[in-house]
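Reading through the structure tokens given below for one structure.
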Amino acid sequence: MPRPRAAPRTDDSVIGNSDLARTFSEIADMLDILGEVVYKAVAYRRVADAVERYPDDVAALFRHGTPPKIPGAGDALSAKLAELAETGHLGYHERLRAQVPSGMLEMLHVPGVGPRTVRLLHAALGITSLDELRLAAEQGQLRGVKGLSARTEQNVLAGIARIAQRSTRLLLHDADRLVRDIIDALRDVAGVRRLEAAGSLRRRRATIGDLDLLAAVDDPGPLMAALDGLPQVDHVLAAGTDRSSIVLRDGPQVDLMVCPPAAWGSHLVHFTGSRDHNVALRGRALDRGLSLSEKGFKVVDTGELLLAPTEAEVYERLDLAWVPPELREDEGEIAAAAENRLPRLVERGDVRGDTHTHSSWTDGVDSIEAMARAARGRGAEYMVLTDHSPSLGIAKGLSAELVAAQAKEIGRLNVELAPFRILHGTELEIRADGALDYPDEMLATFDVVIASLHTGRGQPSERLTRRALGAIGNPHVDVLAHPSGKIVNVRDPLPLDWPRVFAAAAESGTLLEINGSPRMDLDESLARAAAQAGARLTVASDAHRTEELEYLDYAVSIARRAWLEPDQVAGTRSADALLALIG
DNA sequence: GCCGTTTTCGGCCCGACTGTTTTCAGTCG
């Protein structure tokens, strides 16, 4: 399962964070298949997660003699990280690979097939790959293995067929739409008191695996029946009294959990996750003589069950402040909640203007006026219109003459739409050679200049970094837009040297954009690192049509996951204060 | 393999559902 993307490799590193994480994760799977004590695999997975989310290049830090403190890595795993970082190889990993072919790791992806089953299939039938497994199931060989049946064969074949469908995770934007439709269809079913999205959707992760729903009901029967009967349902995976899983025609799986209203709080905490956050909460409960599950708190000594109707009551009993869902990743939020120093996260309502929008003057669909009216309708006080500069030919970038004409049009609209304001900006191309697309005298005429890298993406890290630093260092450039250049499920991030970029942005006061379009760039780990380096950020929609102005909400979600407070986000200011800030 | 305001050894989070089973292990979230 993809996680928040890690820092990309820099030029002098031989192995990136995601490569390190993948190796450790593979070791964990192999240990499981070999039947090692489970906690060993747990330890490798914990370190894999931590490395994946680490904001700096872990291997480079090892090579520079300043090894980072990775949570969960003791002497043994730190030594293995060091070996991998310095040589690009890990002897231990290679020895395990000799015992467990890579095909056996792929078999773990089949739903219902875990390490025990993989081991069993290998021992009984010599199966070492997904293809061999499919063949054996098709030929009816699995039913001959003790503990397996003809039914297992069907499940395995169905599972293998589903693997291809589920290869990419849902973009948050699409998941929202699917869940909204399902909730609308089920909300009025008899006996449903509450119905909400939970899981990674509620935590507002950029990509979603399964869709999780929680319902408080008087009687689960009608709701479960209604779920199974939805037109968008392809088939039912599992149906119990407390939970049900279905697969939608579009591919994603929906897990619906039901609970009595009196246990809503503990269920919502449990089903919102993340796994690591929940594990930490349950450990904290045990410290207090309580066993926490979705049902509530069980007093260990007496077995008495203490219900938690609200989330706040769950956290309160653990001596914690209520933790916003976006922070529930076991990334320091529990300690912060214990010490009452959780951030006052930026909210959608704090944001007064959008700093990146387009119109039909370049590659947008709607007129400037339509965009402005729609933004105003969504509660904005202002928007920055940032149509493209000329060298981005595909986007009909604006000549100097058209820029002047656009300024006139904006002046006219600002009279008409006052007090709403359109600030005149540009999305300025940072050319492949690092030159900027308009001369400085012309840049000085814009209210706001946001600079972007769209071309020369294949350049080495140092060259890309120097282009970004060049733009940041130009006094007329106010924002570095979608800094990593990634697009979710489509395009990998550029391998910039982030510590240098963040330091330069903090020094010059150049804002770093959090773009809420399907780019979702910066992501939360980079945005958090940027803020910790002292840089200020801005949230923006990058809308090319009025409907896309809602992307601003997604940028706010990333900002919240990055622990940002209102002051750290530029657009929480009035238009005048924003202009004063970027001076 | 990690870790310690009760611990340097003995723990390490909890429950539902499924399948093949006569009481439970494996898988999943």
Side-chain angles (χ1 to χ4, degrees), chain A residues 1 24 27-29 31-33 35-48 50 69-81 92 107-121 142-143 145-156 158-159 198-203 208-214 220 224 236-245 253-259 263 266-267 269-298 300 305 314 318 330 334 338:
Chain A
M1 163 167 107
F24 271 54
I27 290 173
D29 286 344
L31 291 171
D32 276 340
I33 289 172
E36 274 280 359
V37 284
V38 294
Y39 294 108
K40 216 163 156 177
V42 167
Y44 278 92
R45 282 202 187 89
R46 183 181 305 142
V47 169
K69 177 65 197 129
I70 303 294
D75 290 344
L77 293 196
S78 292
K80 290 190 173 69
L81 277 176
Y92 182 60
M107 289 162 63
L108 290 173
H109 296 146
V110 180
V113 174
R116 298 284 298 217
T117 309
V118 169
R119 186 158 76 244
L120 179 65
L121 289 167
L142 302 195
R143 69 190 69 182
V145 179
K146 184 171 162 52
L148 305 182
S149 69
R151 188 157 195 169
T152 314
E153 284 166 2
Q154 295 312 308
N155 289 342
V156 162
S200 48
L201 187 81
R202 183 164 181 249
R203 300 201 310 277
I208 310 293
D210 297 337
L211 303 173
D212 295 321
L213 295 175
L214 176 65
M224 293 305 197
V236 178
L237 274 181
T241 53
D242 292 327
R243 55 182 73 177
S244 175
S245 295
Q253 176 179 331
V254 179
D255 295 329
L256 173 67
M257 176 183 264
V258 297
C259 70
S266 48
H267 276 81
V269 168
H270 172 82
F271 219 29
T272 298
S274 66
R275 189 188 70 242
D276 291 343
H277 179 84
N278 287 352
V279 166
L281 291 184
R282 291 195 276 256
R284 202 173 163 90
L286 281 179
D287 293 343
R288 287 160 177 72
L290 301 168
S291 169
L292 173 62
S293 76
E294 60 265 39
K295 297 183 176 315
F297 292 96
K298 195 161 69 184
V300 173
L305 183 66
V314 174
L318 299 173
D330 196 25
I334 299 204

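Protein chains get the first letters and strands the later ones, always in sequence-line order, with residue 1 at the start of each.
- Taking the C1' atom of each, B:dC24 and B:dT5 are spaced 40 Å apart, rounded to whole Å.
- Across all strands shown, A:T241 has heavy atoms under 4.0 Å from sugar-phosphate atoms exclusively, and none from any base.
- The nearest whole Å value for the distance from the CE atom in A:M257 to the P atom in B:dG15 is 12 Å.
- A:A239 comes within 4.0 angstrom of sugar-phosphate atoms only, judged by non-hydrogen atoms across all strands, and of no base.
- Rounded to whole angstrom, the span from the CG atom of A:L237 across to the C1' atom of B:dG29 amounts to 13 Å.
- Between A:Y92 and A:Y44, the ring planes are parallel. Angles under 30° get that label, and only those over 60° would be called perpendicular.
- In a base pair of the Watson-Crick type (N1 to N3 plus N6-O4 or O6-N4) or a G-U wobble (N1-O2 and O6-N3), with each distance short of 3.5 Å, B:dG1 is matched with B:dC12.
- Rounded to whole Å, the separation between the P atoms of B:dT21 and B:dG26 comes to 14 Å.
- Put simply, CG on A:D276 is 15 Å from P on B:dG29, counting in whole angstrom units.
- Residues passing the salt bridge (Lys or Arg N to Asp or Glu O under 4.0 Å) test with A:R203, sequence neighbours excluded: A:E329.
- Not counting sequence neighbours, the partners of A:D29 by the side-chain hydrogen bond (donor to acceptor under 3.5 Å, both in side chains) test are A:R45.
- For residues 284-296 of chain A, the set of pairs meeting the salt bridge (charged side-chain N to carboxylate O under 4.0 Å, His left out) definition, not counting sequence neighbours, comprises A:R243-A:E294, A:R288-A:D319.
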query = How does protein reach along nucleotides 9-14 of chain B, written 5' to 3' as B (base within reach of a heavy atom under 4.0 Å), S (only sugar-phosphate), or - (no contact)?
reply = ---BBS
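- Across every non-hydrogen atom of A:L77 and A:F24, the tightest pair is O-CZ, 4.0 Å.
- Closest heavy-atom contact between A:S293 and A:S266: O-CB, 3.9 Å.
- In this structure, CG of A:D75 is placed 7 Å from P of B:dC2, rounded to the nearest angstrom.
- The CG-P distance, from A:D255 to B:dC17, rounds to 12 Å in whole Å.
- Residues A:V110 and A:N155 fail the side-chain proximity criterion, which asks for heavy atoms closer than 4.5 Å.
- A 4.5 Å side-chain heavy-atom check between A:S78 and A:I70 finds every atom pair outside the cut-off.
- For the C1' atoms, the distance linking B:dG19 with B:dT23 amounts to 13 Å, nearest Å.
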Test log, rule side chain to side chain contact (heavy atoms under 4.5 Å, CB included), inputs A:L148 and A:L121 = CA-CA 10 Å; A:L148 305 182; A:L121 289 167; 3.7 Å; yes
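- One C1' atom belongs to B:dC17, the other to B:dC12, and the distance between them is 25 Å to the nearest Å.
- Put simply, CG on A:N155 is 9 Å from C1' on B:dT18, counting in whole angstrom units.
- Summary of the strand contacts: A:Y44 and A:T152 both lie near DNA chain B, and taking for each the nucleotide with the nearest heavy atom, the more 5' one is attributed to A:Y44.
- Rounded to whole Å, atom C1' of B:dC17 lies 13 Å from atom CD of A:Q253.
- Among the protein residues, A:A280 comes within range of no part of the nucleic acid, since none of its heavy atoms lies under 4.0 Å from any strand.
- Across the C1' atoms, B:dG1 and B:dT8 are found 14 Å apart, a figure rounded to whole Å.
- When the C1' atom is compared between B:dG11 and B:dA16, the two are found 25 Å apart, to the nearest whole Å.
- The nucleotide whose nearest atom lies closest to any side-chain atom of A:A238 is, among B:dG1, B:dT18, B:dG29, B:dT18.
- Of all heavy-atom pairs between A:V269 and A:N278, the closest is O-OD1, 3.5 Å.
- In this structure, CG of A:D287 is placed 11 Å from C1' of B:dG4, rounded to the nearest angstrom.
- When heavy atoms are screened at a 4.0 angstrom cut-off, A:G147 is found touching the sugar-phosphate backbone but no base atom.
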Do any N or O atoms of the protein come closer than 3.5 Å to N or O atoms of nucleotides 22-27 of chain B, and which pairs are they?
from	atom 1	to	atom 2	distance (Å)
B:dG26	OP1	A:R116	NE	2.4
B:dG26	OP1	A:R116	NH1	3.1
B:dG26	OP1	A:R116	NH2	2.4
B:dT27	OP1	A:G114	N	2.7
B:dT27	OP1	A:G114	O	3.1
B:dT27	OP1	A:T117	N	3.1
B:dT27	OP1	A:T117	OG1	2.6
B:dT27	OP2	A:R116	N	3.4

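- A:R143 is linked by a salt bridge (Lys or Arg N to Asp or Glu O under 4.0 Å) to A:E153, counting only residues two or more places apart in sequence or in another chain.
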